[in-house]
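Keep in mind it's a predicted model, so treat the numbers as computed, not measured.
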There are 2 protein chains.
Amino acid sequence: MGDCIAEMARLPDKSVDMIFADPPYNLQLGGDLIRPEGGKVDACDDDWDKFDSLATYDDFTREWLAEARRILKDDGTIWVIGSYHNIYRVGSLLQDADFWILNDIVWRKSNPMPNFRGTRFTNAHETLLWCAKDEKARYTFNYRAMKALNDDLQMRSDWVLPICSGGERVKDEWGEKAHPTQKPEALLYRILLACTKPGDVVLDPFFGTGTTGAVARRLGRKWIGIERERAYVKVATARIEATLPLDESAMTVMADKRSAPRVAFGLLVESGLVPAGATLTDSKRRWFATVRADGSIASDMHSGSIHKVGAALQGAPSCNGWTFWHLDDATGLTELDVLRQRHLAAL
Amino acid sequence: MGDCIAEMARLPDKSVDMIFADPPYNLQLGGDLIRPEGGKVDACDDDWDKFDSLATYDDFTREWLAEARRILKDDGTIWVIGSYHNIYRVGSLLQDADFWILNDIVWRKSNPMPNFRGTRFTNAHETLLWCAKDEKARYTFNYRAMKALNDDLQMRSDWVLPICSGGERVKDEWGEKAHPTQKPEALLYRILLACTKPGDVVLDPFFGTGTTGAVARRLGRKWIGIERERAYVKVATARIEATLPLDESAMTVMADKRSAPRVAFGLLVESGLVPAGATLTDSKRRWFATVRADGSIASDMHSGSIHKVGAALQGAPSCNGWTFWHLDDATGLTELDVLRQRHLAAL
DNA sequence: CCGCAAGCTGAATCGTTAA
DNA sequence: ATTAACGATTCAGCTTGCG
């Protein structure tokens, strides 16, 4: 327990094999954000995430990165996670400190919080940077393990994982979430499995509820956690003590949740498979509609998605636009569902 | 044709609505990369991608960003695409230049080049930054069009798109790919559809084979392209001339409700669409109110505008009375918003 | 005990106009 | 420059409660 820079300063040079760091993001949130149904978003407004300026944040980052670099073995690697608020500062400062970026990894959240006001794209991912100490370092990368984890295909730089919720979310003594930004164990599982060997020492300078420690213990890695807040240290300690070493059944929980890719009709328009301006009709040419640039369609009376317009024209409560509508061009009628299959095959 | 900084310097202040920039990535490649079957990877080793040091790259980036900022309208936005080699420099310098990041977007490539050596994760994405000139800017974001393009779900920050290949890839006179890093039209299509209006001026300071110009022309946007290499200018010019604009009906996208003309509820009462004395209720018939002659409504406890009374009854901070209240008559429940649409259509 | 509906929640830089 | 009023806006997954 203590300040991460002061505590790292007490560790010897080149003594840890891997560092995983989840530093403050410096979110710079404004006033309250209200949900459409009236509820308030429980924002991360803790003091530990507040910095006076970008310069202050940069100074803090430079300092802890310098200690991290000193402690890290020459062939060790460092992982840092962040969002667009801070990751560009962190990435630049990592490069300035002569770290060598091996990959940037995108954590694509399967269930992110929506953008309630319709003002931006849903902020649906976070970014992780994986770096060696220099270009020539002989770092650990368990290529085969990653390939096995990904159905015998190379593991890519984008990882789809759900956010940490439900039973995995650590609760405090009042039953509330113990920490505003707890990371999912599946994320740490993949990182530790990819970049460490059993018995390696993993350091997490922003330990929080101890996800890194719990997964390290489960995978037979040694760990060091540094955390400033007494409340977090307390829940982390209890959590890790309750963690059992991995058994085979638990491994399946960690695997990717895979499902058939959903195709939006708009993607066919973007890719040119169904050009904007094209005419759609049903199999008996009773109704017609025109495709618009954004993938919505318009008949003389209605506009909206292929499903909504199909339903409205027929006076039906619902309609599967994929099988109802056909592209009407020089080659004749082609069911949209056939074009969708073609699009999926091309991917 | 010319150097991007020199040419931008000739453009007036605050004169373009949007900037899309695909600057050199400063890839810092080592020796040749050989594929498992023996072929050599055709790497991007052009002179224009080489910089002496990170500091040189930063200086170059600072310079063109300063010109870009000067040229951009106050409510305009800038997009920059990059990979892990350069995007952390660019993101940091954007923030240093007081740009305000709205989103970082991940272009997840459906068909990336594998990692032939098995030494890292497959580098399967690139990153785009979307920024306004400052926090308060009132930028263009066609929320409804993006939602339509994504099957009526909010468009997320991770976009799955194939790389540019096949017939879309521009060839030179010898049949070789004309440019090593041509971007797919689908990427520009989504960006221009999301963040510009028809007739807007889009600037691309690193024009290459003119993808931005081709898509801008197709979507009825004006464009300015700056490119240093004569060979690229030549293929870009031919390509754009061969691109046909969409006609206006195809270019139409789902309208944003915010841009629709305001209708006072009282107008519906005046016109008889909602008769004074009528009963309003919510979709679940939990609350009721009576319409008064002046367009105010009254429940047993509260009276005022449709918004105020809706908020008060629910104990919510605010309420959209148009979607909350329904006219309750012989035909059943009709949402006020539907009656508003009917009123607008009748005008 | 099951099935279904309703409710809650997550690292969020989350509005515009006119008086 | 400040304030009030208008009115636009959500996805996936888990939990709780009721029949």
Could you check whether W100(B) and the base of dT13(C) form a stacked pair, meaning centres closer than 5.5 Å and planes differing by less than 30°? yes
Between K133(B) and D74(B), is the closest basic N to carboxylate O distance under 4.0 Å? yes
H307(B) side-chain N/O to dG7(D) phosphate OP1/OP2 under 4.0 Å: yes
| Presence of K177(A) side-chain N/O under 4.0 Å of dT9(C) phosphate oxygens OP1/OP2 | no
Sugar-phosphate only, base, or nothing, as touched by D22(A) at under 4.0 Å among non-hydrogen atoms: base
Discussion item. Does dG15(C) have its OP1 or OP2 closer than 4.0 Å to a side-chain nitrogen or oxygen of K136(B)?
Written reply: no
Which of dG13(D), dT10(D), dA12(C) is nearest the side chain of S110(A)? It is dG13(D)
key: dG10(C) OP1/OP2 closer than 4.0 Å to side-chain N/O of N111(A)   = no
Handout entry: Under-4.0 Å side-chain N/O to phosphate OP1/OP2 contact, Y88(A) with dT13(C)
Key = no
As its Watson-Crick or G-U partner within any shown strand, both distances under 3.5 Å, dC2(C) has dG19(D)
By nearest-nucleotide position on DNA chain C, the 5'-leaning member of P114(A) and R35(A) is R35(A)
Q. With a non-hydrogen cut-off below 4.0 angstrom, is C164(A) in contact with a base, only sugar-phosphate, or nothing?
A. nothing
Query raised in the report: Within the structure shown, what part of the strands sits under 4.0 Å from T181(A) by heavy-atom distance: base, sugar-phosphate, or nothing?
Result: base
Would you say K257(B) places a side-chain N or O within less than 4.0 Å of OP1 or OP2 belonging to dG7(D)? no
The residue, L102(B) or R286(B), whose nearest nucleotide of DNA chain C is more 5′ is R286(B)
Closest of dT17(C), dT9(D), dT13(C) to the R117(A) side chain is dT9(D)
Any strand, both distances under 3.5 Å, Watson-Crick or G-U wobble: dA8(D) pairs with none
Which of dG7(D), dA12(C), dT10(D) is nearest the side chain of L29(A)? It is dA12(C)
dA8(D), OP1 or OP2 - any side-chain N/O from S318(B) closer than 4.0 Å? no
- prompt: Are any of R340(B)'s side-chain N or O atoms less than 4.0 Å away from OP1 or OP2 of dA8(D)?
  reply: yes
D32(A) atom CG is separated from dG15(C) atom P, nearest whole Å, by 12 Å
is_close_aromatic(W223(A), F207(A)), centroid dist under 6.0 Å:
yes
Exercise for the section: With heavy atoms under 4.0 Å as the rule, sort P184(A) into base, sugar-phosphate or nothing. Expected result: nothing
Regarding N26(A), tell me which of base, sugar-phosphate or nothing describes its non-hydrogen contacts under 4.0 Å with the strands shown.
nothing
query: Expressed in whole Å, how much space separates the P atoms belonging to dG7(D) and dA12(C)?
result: 30 Å
Quick check: does any side chain N or O of R89(A) sit under 3.5 Å from a backbone N or O of L54(A), one acting as donor and the other as acceptor?
-> no
Notebook entry, point to check: Just wondering, do W322(B) and H307(B) contact through their side chains at under 4.5 Å, heavy atoms?
Noted result: yes
Exercise. Just checking L153(B): base, sugar-phosphate only, or nothing, at a heavy-atom cut-off of under 4.0 Å?
Worked result: sugar-phosphate
Touch check for E135(B), heavy atoms < 4.0 angstrom, all strands: base, sugar-phosphate only, or nothing? nothing
| message | Given the structure, check if the side chain of K109(A) and the base of dA11(C) hold any donor-acceptor pair shorter than 3.5 Å. | response | no
Is Q28(A) touching bases, backbone alone, or none of the nucleic acid, heavy atoms closer than 4.0 Å?
-> base
Scanning all shown strands, the Watson-Crick or wobble mate of dA11(C) with both distances under 3.5 Å is none
| said: Mind checking if G31(A) touches a base, just sugar-phosphate, or nothing, with heavy atoms under 4.0 Å? | reply: base
query: Should the pair K284(B)-D282(B) be classified as a salt bridge under the 4.0 Å nitrogen-to-oxygen rule?
result: no
Please classify the nucleic acid contact of K40(A) as base, sugar-phosphate, or nothing, using heavy-atom distances under 4.0 Å.
nothing
Within the structure shown, what part of the strands sits under 4.0 Å from R144(B) by heavy-atom distance: base, sugar-phosphate, or nothing? sugar-phosphate
When rounded to whole Å, the CD1 to C1' distance for the pair I306(B) and dC6(D) reads 9 Å
Atom CZ of R156(B) and atom P of dC11(D) are separated, to the nearest Å, by 11 Å
Would K50(A) count as a cation-pi partner of W48(A), with NZ or CZ less than 6.0 Å from the six-membered ring centre and within 45° of the ring normal?
no
ask   = Between F206(A) and F20(A), is the gap from one ring center to the other below 6.0 Å?
value = no
| query | OP1, OP2 of dT13(C) versus side-chain N and O of N123(A): anything below 4.0 Å? | reply | yes
Nearest-nucleotide check on DNA chain D, G167(A) vs G118(A); residue mapping nearer the 5' end is G118(A)
With syn meaning chi within 90° of zero and anything else anti, the base of dT13(C) is syn
